[in-house]
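Here is the structure we will look at.
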There are 2 protein chains.
Amino acid sequence: MVEPGDRQRATTVADVARRAGVSKATAARALGDYGAVSDSVRERVQAAAEDLDYRPNELARSMNTGRSKTIGVIVGDIENGYFGLAMRGISDTAKAAGYDVILINTSENVQTEIDAVRVLLDKRVDGLIVAPASSFHIEHLRRVDDSGRPLVLLDRRVPGLEAVSVEVDIAPSASDATAALLDAGHTRIAFVSALQTEGEGYSDRLQLRVSSVTDRLAGIVSALRSRGIEPSADLIRFGALGPERTRAITGELLELEDPPTAILASDSLIALDVLRTLRDRGLRVPDDLSFVMFDDFDWAALTDPPLTVVAQPIYDVGVAAATILLRRLAGLPHDDVRARLPATLVLRDSVGPVPVRA
Amino acid sequence: MVEPGDRQRATTVADVARRAGVSKATAARALGDYGAVSDSVRERVQAAAEDLDYRPNELARSMNTGRSKTIGVIVGDIENGYFGLAMRGISDTAKAAGYDVILINTSENVQTEIDAVRVLLDKRVDGLIVAPASSFHIEHLRRVDDSGRPLVLLDRRVPGLEAVSVEVDIAPSASDATAALLDAGHTRIAFVSALQTEGEGYSDRLQLRVSSVTDRLAGIVSALRSRGIEPSADLIRFGALGPERTRAITGELLELEDPPTAILASDSLIALDVLRTLRDRGLRVPDDLSFVMFDDFDWAALTDPPLTVVAQPIYDVGVAAATILLRRLAGLPHDDVRARLPATLVLRDSVGPVPVRA
DNA sequence: CAAGCGAATGAGACCGGTCTCAACATAGCG
DNA sequence: CGCTATGTTGAGACCGGTCTCATTCGCTTG
């Protein structure tokens with residue numbers, strides 16, 4: 001049906017109407033399946049549409065329905081399997097409801113995130129799912145609300161913003177992981193995170209930009225304190241932003257006068273670089289150092305040694321976020337303001353007893 | 001500037017024009033920065049826009065420019081780190097050029113892919129990047145051409161379709177990997193792929209749906225034949241579509257009368273399940289069985305043992321695909337019809353000598 | 001000083017759909 | 001048979017931008 005000539009201008013309702021010998025309005029009704037159309041006309045129009053290979057222009061449709069059947073997703077890094085999986089959850093859920101997804105990657109950069117929100121709003125997405133890079137810069141998220149479009153926060157909440165958030169309830173598992181280390185006799189327990197902070201040290205007053213990291217830390221600190229151990233500022237490290245920084249930080253930890261005997265890595269990307277650094281220095285896990293990673297992936301069971309991890313149901317987080325957003329778009333009541341999915345500690349072989357000092 | 005009341009209707013050029021006391025046309029000129037506008041008017045309009053917090057409706061803009069500044073990407077599985085990285089390459093490149101990306105996941109399902117193409121075309125994306133699930137069903141890809149919008153194939157080419165493809169030149173590395181196994185003395189070399197085929201066996205006449213797998217196989221077969229070894233149909237296996245199937249296939253291979261002494265896994269997802277199956281059966285790599293994986297990821301160097309892999313520059317493939325698409329969108333000449341990036345064999349420790357039969 | 005030219009501006013068509021409203025036909029009812 | 005209720009259709013406004021065209025104005029130039 002497609003002749004070589006007609007690749008230029010797409011056929012429109014008007015074309016179909018003309019061919020079917022009816023008015024534009026009637027053709028639109030027959031095609032859009034709304035209003036009342038007689039059967040004979042409907043068939044005629046549909047045949048004409050078929051002949052002309054008519055496809056509606058969704059842009060035009062969106063423009064006066066006001067809905068684009070598209071949701072925007074803004075994450076820090078799709079390359080990270082964590083967000084990859086979440087994205088899959090969102091995408092599967094959205095597709096099932098007839099929605100498409102526009103994805104924007106911010107590299108955890110606030111300015112990029114601000115631009116991303118603006119662009120998606122301008123593109124008239126129906127709703128937004130955002131893993132906010134910072135709890136402090138939230139004016140742009142307020143804008144989303146002002147625009148009347150629903151916003152769901154992914155993996156992280158933002159205090160002071162009345163938006164629904166879907167998170168992993170990570171603090172209890174972070175406590176469990178820390179407790180496991182404490183049980184094995186460790187007291188010098190380090191935590192390495194990618195988060196950028198004003199300083200790099202730790203204090204009780206520390207305000208973190210990302211709630212999911214705050215929660216990890218809260219869980220760790222509470223477990224430590226329940227055993228009478230004060231968190232040590234030199235063991236809680238931020239700014240592991242890439243391989244180089246992570247390796248440098250790991251090196252610094254190892255060269256402390258009183259180095260840690262166990263390390264908790266805040267995500268899998270960091271874990272990989274920490275482990276590489278340990279291996280390069282000839283340190284073995286868990287003989288020389290115990291290790292726990294946040295996030296579980298298939299490969300975590302196949303490393304040497306298999307890694308003890310805090311497993312997060314991140315696919316389900318994506319599904320939940322999309323589901324809530326879609327419910328709001330459908331005008332249904334959204335029960336929660338803060339959905340939290342449970343994490344679990346998966347014990348494998350990377351935690352061992354404290355090595356005797358040489 | 002945002003009053004609680006105005007969340008309903010967004011401000012338009014007409015609003016700005018009224019406030020600035022000029023015509024809609026003039027306001028549009030001042031805002032859109034085209035045509036001729038006097039400085040005084042421009043300032044007045046811009047001030048008005050600022051006051052009203054004006055944001056252009058990209059939908060409306062797209063509708064009569066005909067361009068949406070959006071490209072569509074269709075892949076089999078974003079959850080797979082392979083496509084995750086490619087996506088990142090595409091996304092980074094697109095963003096740098098002011099384009100956004102709509103992502104659709106097909107689960108390697110042809111019908112879903114057909115729908116995806118239709119939806120994206122209807123949404124009036126400016127161009128498409130597709131990793132086609134099948135070389136046989138390509139009418140929907142032809143449609144893209146007919147629509148006048150550029151199409152770039154990612155990772156896979158489609159014979160008979162005159163579209164640009166960006167691929168990894170994988171055959172030579174597949175040969176190298178096979179040669180490495182042959183050098184170690186292996187002759188019973190298995191290949192496990194996720195690809196669905198009519199039968200599950202192998203024959204020379206076999207037509208595969210995905211060129212990147214065809215190429216892997218071609219490289220393997222040519223290396224075998226150069227040593228006078230005929231590929232054995234029972235060692236070349238398809239249909240490893242999920243953990244269960246992969247484990248079943250691996251089990252079947254191991255239970256052959258004359259089982260393989262080496263396995264090549266067509267991608268990292270399969271590799272993980274093969275390795276798990278081996279471990280569950282108490283088989284060690286490389287002592288009991290040698291192993292090579294296509295795709296390299298950070299974790300591949302940290303497994304037990306570190307894996308010998310065929311590393312593919314998949315991020316760069318994404319960048320190249322997006323670059324070519326953007327060039328075509330800009331009306332620039334597109335030199336290649338088929339860009340091919342080199343893969344490399346990375347030797348680690350998962351290949352060893354053939355074990356002596358017990 | 002009149003003609004000529006370019007810059008600035010406004011009116012309104014247009015993109016491709018949706019949707020309101022009025023016109024008309026037919027059927028049901030008193 | 002007249003009147004209204006219901007169903008079907010067409011004309012045209014509208015969404016929010018872009019863009020063409022005609023008009024007006026100021027300035028140069030012969």
Side-chain angles (χ1 to χ4, degrees), chain A residues 6 8-46 48-49 52-70 119 121-126 147-148, chain B residues 6 8-46 48-49 52-70 119 121-126 147-148:
Chain A
D6 57 8
Q8 292 302 14
R9 237 172 112 295
T11 71
T12 71
V13 248
D15 299 329
V16 175
R18 203 171 309 122
R19 171 139 185 159
V22 297
S23 72
K24 201 177 84 168
T26 302
R29 273 187 280 257
L31 259 17
D33 198 44
Y34 63 94
V37 194
S38 67
D39 290 346
S40 67
V41 168
R42 186 193 318 281
E43 280 166 33
R44 203 142 40 91
V45 170
Q46 282 170 348
L52 298 171
D53 197 28
Y54 169 75
R55 298 262 73 222
N57 182 329
E58 289 298 337
L59 251 42
R61 177 171 289 170
S62 296
M63 217 173 84
N64 41 12
T65 57
R67 281 173 297 99
S68 61
K69 283 273 183 183
T70 306
V119 166
L121 251 26
D122 290 354
K123 283 225 160 130
R124 299 307 193 255
V125 294
D126 292 339
S147 80
Chain B
D6 57 7
Q8 293 302 14
R9 236 173 113 295
T11 73
T12 71
V13 249
D15 298 330
V16 175
R18 201 172 309 120
R19 172 132 183 168
V22 296
S23 74
K24 201 177 84 169
T26 302
R29 274 187 279 258
L31 258 18
D33 198 43
Y34 64 92
V37 194
S38 67
D39 290 347
S40 67
V41 168
R42 185 192 320 280
E43 280 167 32
R44 202 141 42 90
V45 171
Q46 282 171 349
L52 297 171
D53 197 29
Y54 168 75
R55 298 264 71 221
N57 182 330
E58 290 297 337
L59 251 43
R61 176 171 291 170
S62 297
M63 216 170 86
N64 41 14
T65 57
R67 281 172 298 98
S68 60
K69 283 275 182 179
T70 306
V119 166
L121 251 24
D122 291 353
K123 284 223 162 138
R124 298 309 192 254
V125 294
D126 291 339
S147 81

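Below, chain A is the first sequence line, B the second, and so on; all start at residue 1.
Between Asp126(A) and Arg67(A) there is no salt bridge, since no side-chain nitrogen of the basic residue lies less than 4.0 Å from a carboxylate oxygen of the acidic one.
Terminal axes of the helix from dC1(C)-dG30(D) to dG30(C)-dC1(D) (five pairs each, C1' rotation axis) are separated by 50°, to the nearest 10°.
No side-chain donor from either of Lys123(B) and Ser62(A) sits under 3.5 Å from a side-chain acceptor of the other.
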(request) List the protein contact pattern of nucleotides 14-21 of chain C with one symbol per nucleotide (5' to 3'): B for base contact, S for sugar-phosphate-only contact, - for none; contact means a heavy-atom distance under 4.0 Å. (result) -BBBBBB-
(request) Quick one: do Arg42(B) and Asp33(B) satisfy side chain to side chain contact (heavy atoms under 4.5 Å, CB included)? Show the steps, please. (result) CA-CA 9 Å; Arg42(B) 185 192 320 280; Asp33(B) 198 43; 3.9 Å; yes
(request) Starting from the C-alpha separation in whole Å, work towards a yes-or-no answer on side chain to side chain contact (heavy atoms under 4.5 Å, CB included) for Val41(A) and Ser38(A). (result) CA-CA 5 Å; Val41(A) 168; Ser38(A) 67; 3.2 Å; yes
(request) Could you please spell out the steps behind the side chain to side chain donor-acceptor pair (under 3.5 Å) verdict for Thr12(B) and Lys24(B)? (result) CA-CA 10 Å; Thr12(B) 71; Lys24(B) 201 177 84 169; over 6 Å; no
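In summary, of the residues considered (Asp15(A), Thr11(A), Val45(A)), a side-chain contact (heavy atoms from CB on, under 4.5 Å) with Tyr54(A) occurs for Thr11(A) alone.
Taking OG of Ser68(B) as the start and CD of Glu58(A) as the end, the distance is 12.5 Å to the nearest 0.5 Å.
A sub-4.0 Å separation between OP1 or OP2 of dG10(C) and a side-chain N or O of Thr26(B) is present.
When atom types are taken as modelled, the side chain of Thr26(B) and the backbone of Val22(B) share no donor-acceptor pair closer than 3.5 angstrom.
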